[in-house]
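A quick write-up on the structure given underneath.
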Amino acid sequence: MSVMVAGVAFLESFCTRWLQAWNSHDTEQVLAVTHPEIQWDDRTFWPEVIHGHEALRAYTEEIWRAMPDVRFDEIERFYAPSAQRAVVLFRQFGSAPAKLGSGGRFDSHGCDIFLGFRDGLLSSYLSSYDIVEMLRQMEALPARGSRLGGAYLMALAGARAAS
């Protein structure tokens with residue numbers, strides 16, 4: 001049975017606990033704020049939508065492995081209390097993954113989008129951030145130059161197809 005959690009106070013508390021959990025780099029803390037049947041959509045980083053704690057554990061451990069010093073600073077929170085939804089606009093920053101060998105860093109913005117809660121825990125999540133810009137900052141992709149819109153991505157795809 002799903003228990004309805006109402007109001008801005010709950011969303012305020014949840015957003016604070018959420019950021020603390022992610023900045024702790026402790027998978028158990030992240031799992032503690034999510035429902036065991038979580039639906040997690042971060043297809044920017046992960047190849048498919050994640051369902052459940054065990055799959056979320058694998059995802060979270062991969063985040064820590066790839067970016068062991070990643071940090072998240074909150075910029076702003078937005079709430080829709082009657083719909084039990086919230087968005088946290090954040091800044092994420094840290095070192096490039098060691099396997100890139102670039103020694104680069106990234107500093108970019110994104111959004112955590114909380115689409116649903118069950119039993120006081122996050123049950124539906126959607127992420128939004130620009131991994132292309134992160135990779136460019138980490139020197140894993142060439143400079144964009146003056147390319148507009150998708151032309152930059154298409155040029156990258158063309159460069160791969162030609163090699």
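All residue numbers refer to positions in the sequence shown, counting from 1.
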Give me the atom names and distance for the closest heavy-atom approach of [X] to [Y].
X	Y	answer
Arg147	Tyr152	CD-CA, 3.6 Å
Ala32	Leu121	O-CD2, 3.3 Å
Leu89	Cys111	CD1-SG, 3.9 Å
Gln92	Met134	NE2-SD, 3.3 Å
Ala86	Leu11	CB-CD2, 4.2 Å
Leu19	Glu74	CD1-OE1, 3.1 Å

Under-4.0 Å salt bridge between Asp73 and Arg71: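 No, Asp73 and Arg71 are not salt-bridged.
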Within 45° cone of Phe93 ring axis and under 6.0 Å: Arg91 NZ or CZ: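 Satisfied, under 6.0 Å and within 45°.
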Classify the angle between the aromatic ring planes of Phe72 and Trp22 as parallel (below 30°), tilted (30 to 60°) or perpendicular (above 60°).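 Judged by the thresholds at 30° and 60°, the geometry between Phe72 and Trp22 is perpendicular.
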Considering only heavy atoms from C-beta outward, does the side chain of [X] approach that of [Y] to under 4.5 Å?
X	Y	value
Glu139	Leu100	no
Ile63	Phe45	yes
Glu133	Met138	no
Arg118	Glu37	yes
Met67	Phe106	yes
Val30	Asp26	no
Tyr79	Arg85	no
His109	Ile75	yes

Backbone N or O of [Y] within a donor-acceptor pair of the [X] side chain at under 3.5 Å?
X	Y	value
Arg136	Pro142	no
His35	Phe117	no
Ser123	Gly116	yes
Ser13	Phe10	no
Arg105	Ala96	no
His53	Ile38	no

Evaluate the side-chain hydrogen bond (donor to acceptor under 3.5 Å, both in side chains) criterion for residues Thr27 and Glu61: first the C-alpha distance (whole Å), next the side-chain angles of each, then the deciding distance (0.1 Å), finally the verdict. CA-CA 7 Å; Thr27 298; Glu61 293 298 325; 2.4 Å; yes
Kindly determine whether Tyr59 and Asp42 satisfy side-chain hydrogen bond (donor to acceptor under 3.5 Å, both in side chains), including the steps that lead there. CA-CA 10 Å; Tyr59 164 93; Asp42 179 2; 2.5 Å; yes
Does the ring center of Phe90 lie less than 6.0 Å from the ring center of Tyr129?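 Aromatic pair excluded; centres sit 6.0 Å or further apart.
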Arg77 vs Thr16, test: side-chain hydrogen bond (donor to acceptor under 3.5 Å, both in side chains). Steps then yes/no. CA-CA 10 Å; Arg77 297 176 184 183; Thr16 298; 2.8 Å; yes
Check whether Val49 and Leu122 end up in the same hydrophobic cluster, where Ile, Leu, Val, Met, Phe, Trp and Tyr are linked by side-chain heavy atoms less than 4.5 Å apart.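 Shared cluster, no.
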